[in-house]
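We use all heavy atoms of the structure for the numbers below, so side chains are in, but hydrogens, waters and symmetry mates are not. Every number for a ligand or one of its atoms is a count from 1 in the order of the listing.
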Amino acid sequence: MISLGIECTAHTFGIGIADEKKILADVRDVYKPKAGGIHPIEAKNHHDAVKDNLLEEALQKANLTMNDIDIITYSAGPGLPPCLKVGAQFVSQIAKKKPVIAVNHPVAHIEIGKFLTDAKDPIVIYVSGGNTQIIGYAANRYRIFGETEDIAIGNAIDTFMREVTDNPGFGGPLMEKLAEGGKYIDLPYVVKGMDLSFSGILTSAIQKWTKESKGKTKTEQDILLSNLCFSFQETCYSMLTEVTERALAHTGKGEVLLTGGVAASKRLTEMLKIMCEEREAKFYSCPIEYSGDNGSMIAVTGLLGYKSGQKPIKNIDFNSRWRTNEVEITWIK
Ligand code: AMP
Ligand code: MG
């Protein structure tokens with residue numbers, strides 16, 4: 001059975017085509033703001049502009065036509081309403097009489113990670129530009145064991161890098177590079193029970209930069225920036241590792257799966273690996289190519305739902321606040 005998946009929750013418009021065993025095509029186009037963070041209407045206009053060509057490209061890559069597609073799946077939330085609307089409208093336009101399955105975006109990040117690795121029942125650490133959740137399966141749902149109380153880790157990183165450099169887009173890779181050789185500066189470490197908060201760290205790091213970079217030479221500023229990047233990473237990634245470890249301990253699960261765009265971080269990966277080794281748990285990371293937003297994760301998850309008895313939806317709609325734990329998981333027995 002062949003599933004076509006559409007991802008459209010935020011910056012990425014992606015189309016993936018997959019069957020039960022493999023990904024047949026994956027194409028995407030990422031909206032990049034000229035300045036500042038994601039502008040929802042600009043992102044919507046971007047998605048509108050690229051969607052038709054991407055569909056054509058995906059079908060061509062898979063060597064298929066729309067007639068070969070058995071089901072249409074799309075990310076129905078959570079996300080930015082104007083972006084979600086583009087996806088829902090596009091589906092209404094192309095589905096004709098094909099079954100349509102609405103997919104929850106974080107659940108799709110989990111399932112693509114399991115699809116592409118040997119992870120079976122992991123504690124999932126889902127870290128991206130818009131989401132930060134520590135999740136595990138129990139009794140028909142993916143339960144959220146811990147999450148951010150304010151902004152997502154990726155958003156915190158991107159905002160910091162925008163404030164202190166002229167880097168307009170994703171700040172993760174640049175922060176990673178600048179952090180090399182840095183020394184630790186104290187930043188607030190905010191874990192509340194199983195939840196996390198990144199906004200205080202962001203504010204504190206920006207304040208330190210504003211205050212301490214004034215009147216400094218370029219070399220001194222470079223050292224300060226390196227120290228701040230290093231400390232930002234050490235603090236936030238330690239917090240994430242701490243909560244993940246506690247989720248492992250509480251559930252007795254033996255696997256960790258890292259996914260979302262921030263899964264590209266070498267330092268976060270290293271910390272989680274060490275923690276897993278100490279606990280004799282297996283560590284998996286979603287391959288980088290599929291750890292950021294993509295259509296294949298939607299196609300794969302929608303197919304799991306459809307084949308396990310989920311009824312196709314009649315109203316093609318979206319829910320910008322759709323929580324991970326609101327989805328009944330029909331495909332795990
Ligand atoms: P996503 O929202 O899942 O598409 O992921 C995008 C987020 O991943 C952005 O916030 C990026 O800054 C972040 N990211 C990408 N590469 C890295 C990296 N090497 N280290 C930390 N964050 C990263
Ligand atoms: Mg995502």
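Under a cutoff of 6.0 Å and an axis angle of 45°, Arg162 and Phe170 do not form a cation-pi pair.
For Asp158, a nitrogen or oxygen atom sits less than 3.5 Å from a nitrogen or oxygen atom of ligand 1, counting backbone and side chain alike. The shortest N/O to N/O separation between His11 and ligand 1 falls below 3.5 Å. In terms of polar-atom proximity, defined here as any N/O pair under 3.5 Å, Gly261 does make such a contact with ligand 1.
The heavy atom nearest to atom 17 (C) of ligand 1, considering only Gly14, Gly172, Gly292, Gly154, is found in Gly172. Nearest-heavy-atom check against atom 1 (P) of ligand 1 across Ser128, Ser265, Gly130, Gly260 picks out Ser128.
The 12-atom threshold is exceeded at CD of Gln93, counting heavy atoms of other residues, nucleotides or ligands nearer than 6.0 Å. Within a 6.0 Å radius of NZ in Lys282, no more than 12 heavy atoms belonging to other residues, nucleotides or ligands are found.
Checking Asn104, Thr301, Asp293, Asn131 one by one against His109, the side chain to side chain donor-acceptor pair (under 3.5 Å) holds for a single residue, Asp293.
Atom OD1 is the N, O or S atom of Asp293 at the shortest distance from the Mg ion (ligand 2).
The Mg ion (ligand 2) forms the vertex of an angle spanning NE2 of His105 and NE2 of His109; to the nearest 10 degrees it equals 80°.
In summary, the atoms of ligand 1 found under 4.0 Å from a heavy atom of Asp293, numbered by their order in the structure, are 3 (O), 4 (O).
A side-chain donor from one of Glu7 and Ser75 sits under 3.5 Å from a side-chain acceptor of the other. If you check the side chains of Ser265 and Gln233, you find no donor sitting under 3.5 Å from an acceptor.
If you check which protein heavy atom lies closest to atom 7 (C) of ligand 1, you get Gly129 N, 3.8 Å.
Residue-level proximity to ligand 1 for Tyr237 is carried by the side chain, the only part with a heavy atom below 4.0 angstrom.
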